**Q** 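Got a structure for you, written out below as structure tokens; questions coming shortly.
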Amino acid sequence: MKIKSQLNQIIKDALDSANIETKEDISVSDATKPEFGDYQFNGAMKLARTLRRNPREIASDIIKEINTTTLISKVEVAGAGFINIWIDNSWLSKELTKIIDDKRVGVGVVADKKRIVVDYSGPNMAKQMHVGHLRSTIIGDTLANLFRFLGHDVIPQNHIGDWGTQFGMLIAYLEELEEDNNRQNLQDLEQFYKDAKVRFDKSQKFKDKAREYVVKIQQGDSHCLKLWREFIDISLGHCEEVYSKLGVKLTKDDVRAESFYNPMLPKVIDTLKDRGMLVESNGAKCVFLENSNTPVIVQKSDGGYLYATTDLAGLWFRANELKVDRVSYVVDARQSEHFKQIFTIAKRANMVPDNVKLEHIAFGTMMDKSGRPFKTRDGGTVKLIDLLDEAVLRAKETIKDRDSYSDSKDLDRVAKAIGIGAVKYADLSINRESNYLFSWDKMLSFDGNTALYMQYAYARIASIFRKYNQELNGKIVISDELEHRLGLMILKFEDTLLKASEDGYPHIITSYLYDLVTLFMKFYENNPILKDNIDRDTQISRLLLSKLTANTIKKGLEILGIEVVDKI
RNA sequence: GCACUCGUAGCUCAGCUGGAUAGAGCACUCGCCUUCUAAGCGAGUGGUCUCAGGUUCGAAUCCUGACGGGUGUACCA
């Protein structure tokens with residue numbers, strides 16, 4: 001339910017009726033406290049200046065004209081000229097009852113459907129996925145889910161790193177191992193890379209071969225290309241294992257590798273040249289942007305291309321071949337300058353039309369407890385697969401003594417949902433732009449704003465329904481303050497999702513879910529449902545309210561890529 | 001050097017299209033189970049929102065500067 005836009009319209013109508021003209025955006029905001037109602041409109045105080053009138057007088061003129069026959073039950077002027085707005089209980093009851101069986105929990109589909117590329121994950125094929133890839137992967141997947149749910153046409157793109165000098169070394173080594181009929185090593189790419197490097201450093205003959213193979217791949221030599229494809233395939237297989245554990249929806253079909261853009265690179269240079277943007281400096285082909293002395297290099301003095309060139313080709317492809325309206329790059333904040341540069345260049349060179357929204361969904365670095373970038377005890381990178389396995393193991397350890405599980409398979413399933421959910425939620429629940437402090441203790445303590453708190457609430461509701469175990473027909477009747485707040489919160493789901501999708505902030509969704517669940521827990525403590533002496537209508541209404549809460553939690557977590565379970 | 005970014009309770013974080021006494025969780029103190037899952041709920045302790053100016057009826061939020069942390073900065077991605 002889009003509540004805010006309806007309220008804004010009511011306020012606008014009231015201003016018209018009161019003959020108050022304004023150019024400013026009319027927008028209500030959430031009330032800062034329950035005693036100030038559900039929403040507030042603070043515009044009267046802004047209007048006071050231009051109208052040269054007392055803000056309280058303006059406010060009272062406005063509230064006289066506010067339509068209180070539908071969703072608003074009461075308005076009042078308070079303080080310096082605030083207008084406090086209460087939402088009507090019978091309206092709430094009616095709207096909530098309408099969406100009891102709605103799979104979308106009252107969330108509509110956007111009117112202006114966009115085609116959106118979400119570029120995320122982007123692992124390097126030369127190495128195994130490590131914790132550095134976690135944030136891009138899960139934030140990107142969440143945004144893709146969110147956009148899709150809201151009705152947009154989403155094209156996920158996994159821009160894997162499958163090109164570069166290190167692949168000469170890797171395939172040369174792969175070839176040697178195959179001759180020895182030994183590919184065990186590829187189980188661990190990290191180790192494979194190290195072994196290859198040792199071989200590279202030790203043997204001049206191998207070194208020469210590696211360099212020769214780099215050139216050969218680029219020239220399209222069939223033997224080397226075959227080895228290269230084989231290697232990429234294996235490496236991608238590792239990634240898919242991680243995606244599957246993580247519950248991330250990326251597939252092979254979403255892969256649009258770096259190498260895919262190779263044929264387009266000369267055209268990028270030509271385009272920039274045609275537009276008169278290309279400058280040669282110290283043998284390299286560059287684009288100089290104002291406010292910066294350092295150029296963006298698009299072609300090296302030796303003729304090689306750089307990642308700026310590839311990204312420009314990617315932008316061109318997405319705008320002209322995929323014909324998208326928006327491109328969201330979910331990439332580490334350290335690359336913000338790079339994106340600023342290529343976005344500027346792409347637009348200036350008309351490689352991307354002006355109306356296409358290009359955005360860098362930047363995120364901070366993952367830190368350990370001491371505030372340093374996250375590493376293993378011996379200073380190496382933490383493999384993502386190991387981290388996920390550990391999360392599940394730790395989750396299992398904390399829940400195994402509860403008596404909710406019929407067998408070990410059951411326990412495994414729940415442990416997986418909780419462990420993986422904990423990792424994802426911990427990351428998604430903080431503002432993506434901040435550096436993120438990774439702590440097992442925190443995410444697996446299962447207290448506060450964590451995945452488990454949501455999953456627990458869901459399981460409690462499921463438990464109520466197991467106990468009730470009857471047909472459920474009837475309507476919701478909001479009859480006290482807690483029900484009012486809970487019911488309204490459920491209806492705010494759509495406004496929340498729309499806000500989160502605007503600039504791509506998943507933590508807006510987690511904050512909402514946390515508020516929702518906190519309210520539900522209070523409601524649940526104070527409003528008995530299946531206990532004695534509860535009349536039938538009240539019981540049905542409370543059950544339905546619980547059901548809607550569960551539906552909202554489930555849908556919200558689903559967007560975040562987190563599973564719910566019926567028992568914990 | 002220049003650019004970007006962050007600085008809110010002991011710790012981890014919300015809040016930042018300017019609005020009413022700045023909010024959570026953890027930690028600490030205290031209360032609530034003859035159990036609709038207590039992994040819960042309630043109450044309390046804890047703040048010169050880094051500092052100094054400015055704009056404003058009103059600033060954690062906007063602007064300027066200082067201090068402190070992080071990051072980036074010509075042929076890696």
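In the text below, chain A, chain B and the rest are named by the order of the sequence lines, each starting its count at 1. Since we're looking at a predicted model, the values are computed, not measured.
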**Q** Using the P atoms only, state how far B:rU61 lies from B:rU50, rounded to an integer number of Å.
**A**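 That atom pair is separated by 8 Å.
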**Q** Would you mind pulling out the nucleotide paired to B:rG72, Watson-Crick or G-U wobble, both distances under 3.5 Å?
**A** B:rC2
**Q** Say we look at B:rG44 and B:rU8: how far apart would their P atoms be, to the nearest angstrom?
**A**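 Those two atoms are separated by 25 Å.
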**Q** Using distance alone, with no hydrogens and no angle criterion, decide if A:Asn84 and A:Tyr39 have a side-chain donor and acceptor under 3.5 Å apart.
**A**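 Their side chains do not contain a donor-acceptor pair, so the 3.5 Å distance test is not met.
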**Q** How long is the line joining NE2 of A:His130 and C1' of B:rA77, in whole Å?
**A** 12 Å
**Q** Using modelled atom types only, decide if a donor and an acceptor are shared between the side chain of A:Thr309 and the backbone of A:Val298 within a distance under 3.5 Å.
**A**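 Checked: pair present.
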**Q** Assign A:Lys285 to base, sugar-phosphate, or nothing according to its heavy-atom contacts below 4.0 angstrom with the strands shown.
**A** nothing
**Q** Rounded to the Å, how far apart are A:Ile26 CD1 and B:rU17 C1'?
**A**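 Checked: the CD1 to C1' distance equals 13 Å.
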**Q** Under 4.0 angstrom, heavy atoms only, what part of the nucleic acid is A:Ile297 near: base, sugar-phosphate, or nothing?
**A** base
**Q** Identify whether any heavy atom of A:Asp311 sits under 4.0 Å from a base atom; if not, whether one sits that close to sugar-phosphate; answer base, sugar-phosphate or nothing.
**A** nothing
**Q** For atom CZ of A:Arg52, decide whether the heavy atoms of other residues, nucleotides or ligands shown that lie under 6.0 angstrom number more than 12.
**A**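 Incorrect, the count does not exceed 12.
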**Q** Considering only the C1' atoms, how many Å lie between B:rG47 and B:rG72, rounded to the nearest integer?
**A** 34 Å
**Q** According to the Watson-Crick and G-U wobble definitions, with both distances under 3.5 Å, which nucleotide is paired to B:rC51?
**A** B:rG65
**Q** Return yes if a side-chain donor-acceptor contact under 3.5 Å exists between A:Tyr505 and A:Glu433, otherwise no.
**A**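 Distance-only check passes for A:Tyr505 and A:Glu433.
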**Q** Summarise how protein sits on nucleotides 20-36 of chain B as a single string, 5' to 3': B when a protein heavy atom is under 4.0 Å from the base, S for sugar-phosphate-only contact, - for no contact.
**A** BB-SSSS---------B
**Q** Tell me the interatomic distance from A:Asn431, atom CG, to B:rU12, atom P, rounded to whole angstroms.
**A**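 Distance, rounded to whole Å: 16 Å.
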**Q** Among side-chain atoms of A:His484 and A:Asp38, is any donor-acceptor pair under 3.5 angstrom?
**A**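 Checked: A:His484/A:Asp38 side chains pair up, N/O donor to acceptor below 3.5 Å.
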**Q** For the residue pair A:Phe493 and A:Tyr512, categorise the inter-ring angle as parallel (less than 30°), tilted (30 to 60°) or perpendicular (more than 60°).
**A** parallel
**Q** Report the base-pairing partner of B:rG40 (Watson-Crick or G-U wobble, both distances below 3.5 angstrom), or none.
**A**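 B:rG40 is paired with B:rC32.
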**Q** Taking atom NZ as the centre, does A:Lys492 end up with more than 12 heavy-atom neighbours from other residues, nucleotides or ligands that are less than 6.0 angstrom away?
**A** yes
**Q** Using a cut-off of 6.0 Å, state whether more than 12 heavy atoms not belonging to A:Lys273 lie near its atom NZ.
**A** no
**Q** Could you check which of B:rA14, B:rC13, B:rA77 has an atom nearest any side-chain atom of A:Leu437?
**A** B:rC13
**Q** Could you pick out which residue, A:Asp566 or A:Ser27, lies toward the 5' side of RNA chain B when each is mapped onto its nearest nucleotide?
**A** A:Ser27
**Q** If you measure from the P atom in B:rG19 to the same atom in B:rC63, how many Å do you get, rounded?
**A**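 It comes out at 15 Å once rounded to the nearest Å.
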**Q** Can you tell me the pairing partner of B:rU17 across any strand shown, Watson-Crick or G-U wobble, with both distances under 3.5 angstrom?
**A**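 Pairing partner: none.
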**Q** Would you indicate which nucleotide in B:rG19, B:rC57, B:rA74 comes nearest to any side-chain atom of A:Asn282?
**A**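 The nucleotide sitting nearest to the side chain is B:rA74.
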**Q** With nearest nucleotide decided by heavy atoms, which residue, A:His507 or A:Tyr456, maps closer to the 5′ end of RNA chain B?
**A** A:His507
**Q** For A:Asn293, which contact category applies under a 4.0 Å heavy-atom criterion: base, sugar-phosphate, or nothing?
**A**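 It contacts nothing in the nucleic acid.
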**Q** Can you give one letter per nucleotide of nucleotides 68-73 of chain B, going 5' to 3': B for a protein heavy atom under 4.0 Å from the base, S for sugar-phosphate only, - for none?
**A** --SSSS
**Q** Identify whether any heavy atom of A:Tyr305 sits under 4.0 Å from a base atom; if not, whether one sits that close to sugar-phosphate; answer base, sugar-phosphate or nothing.
**A** sugar-phosphate
**Q** Do A:Glu280 side-chain atoms and A:Ala284 backbone N/O form a donor-acceptor pair below 3.5 Å?
**A**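 No: the side chain of A:Glu280 does not pair with the backbone of A:Ala284.
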**Q** Classify the ring geometry between A:Phe465 and A:Tyr468 as parallel (under 30°), tilted (30 to 60°) or perpendicular (over 60°).
**A**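 Answer is perpendicular, since the angle exceeds 60°.
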**Q** Using whole Å, what does the distance between atom P of nucleotide B:rA77 and atom CH2 of A:Trp163 come to?
**A**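 To the nearest whole Å, that distance equals 13 Å.
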**Q** Counting side-chain heavy atoms from C-beta on, which of B:rU37, B:rU17, B:rC41 comes nearest to A:Met521?
**A** B:rC41
**Q** Could you tell me how far apart A:Asp503 (CG) and B:rU17 (P) are, to the nearest whole angstrom?
**A** 11 Å
**Q** Which value, in whole Å, describes the distance between the P atoms of nucleotides B:rG18 and B:rA60?
**A**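 Result for the P pair: 13 Å, nearest Å.
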**Q** Could you please name the option among B:rA74, B:rA14, B:rA38 that lies closest to any side-chain atom of A:Ile430?
**A** B:rA14
**Q** Given that both distances must come in under 3.5 Å, which nucleotide forms a Watson-Crick or G-U wobble pair with B:rC11?
**A**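 When the pairing criteria are applied, B:rG25 turns out to be the nucleotide that pairs with B:rC11.
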**Q** For atom C1', what is the distance between B:rC16 and B:rA59, given to the nearest Å?
**A** 10 Å
**Q** Taking B:rC2 as the reference, what is the distance to B:rA74 when you measure between their C1' atoms (whole Å, please)?
**A** 15 Å
**Q** P atom, B:rA20 versus B:rG15: distance in rounded Å?
**A** 16 Å
**Q** Please work out if A:Ser292 contacts a base, only the sugar-phosphate, or nothing of the nucleic acid, heavy-atom cut-off 4.0 Å.
**A** nothing
**Q** Check every strand shown and say whether A:His338 touches a base, only sugar-phosphate, or nothing at a heavy-atom separation below 4.0 Å.
**A**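 Touches nothing.
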**Q** Got A:Ile562 and A:Gln455 here, is their nearest side-chain heavy-atom distance under 4.5 Å?
**A**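 The answer is yes, as the side chains (C-beta and beyond) meet within the 4.5 Å cut-off.
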**Q** State the pairing partner of B:rU56; accept Watson-Crick or G-U wobble contacts with both distances under 3.5 Å, and report none otherwise.
**A**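 Answer to the pairing question: none, since B:rU56 forms no Watson-Crick or G-U pair.
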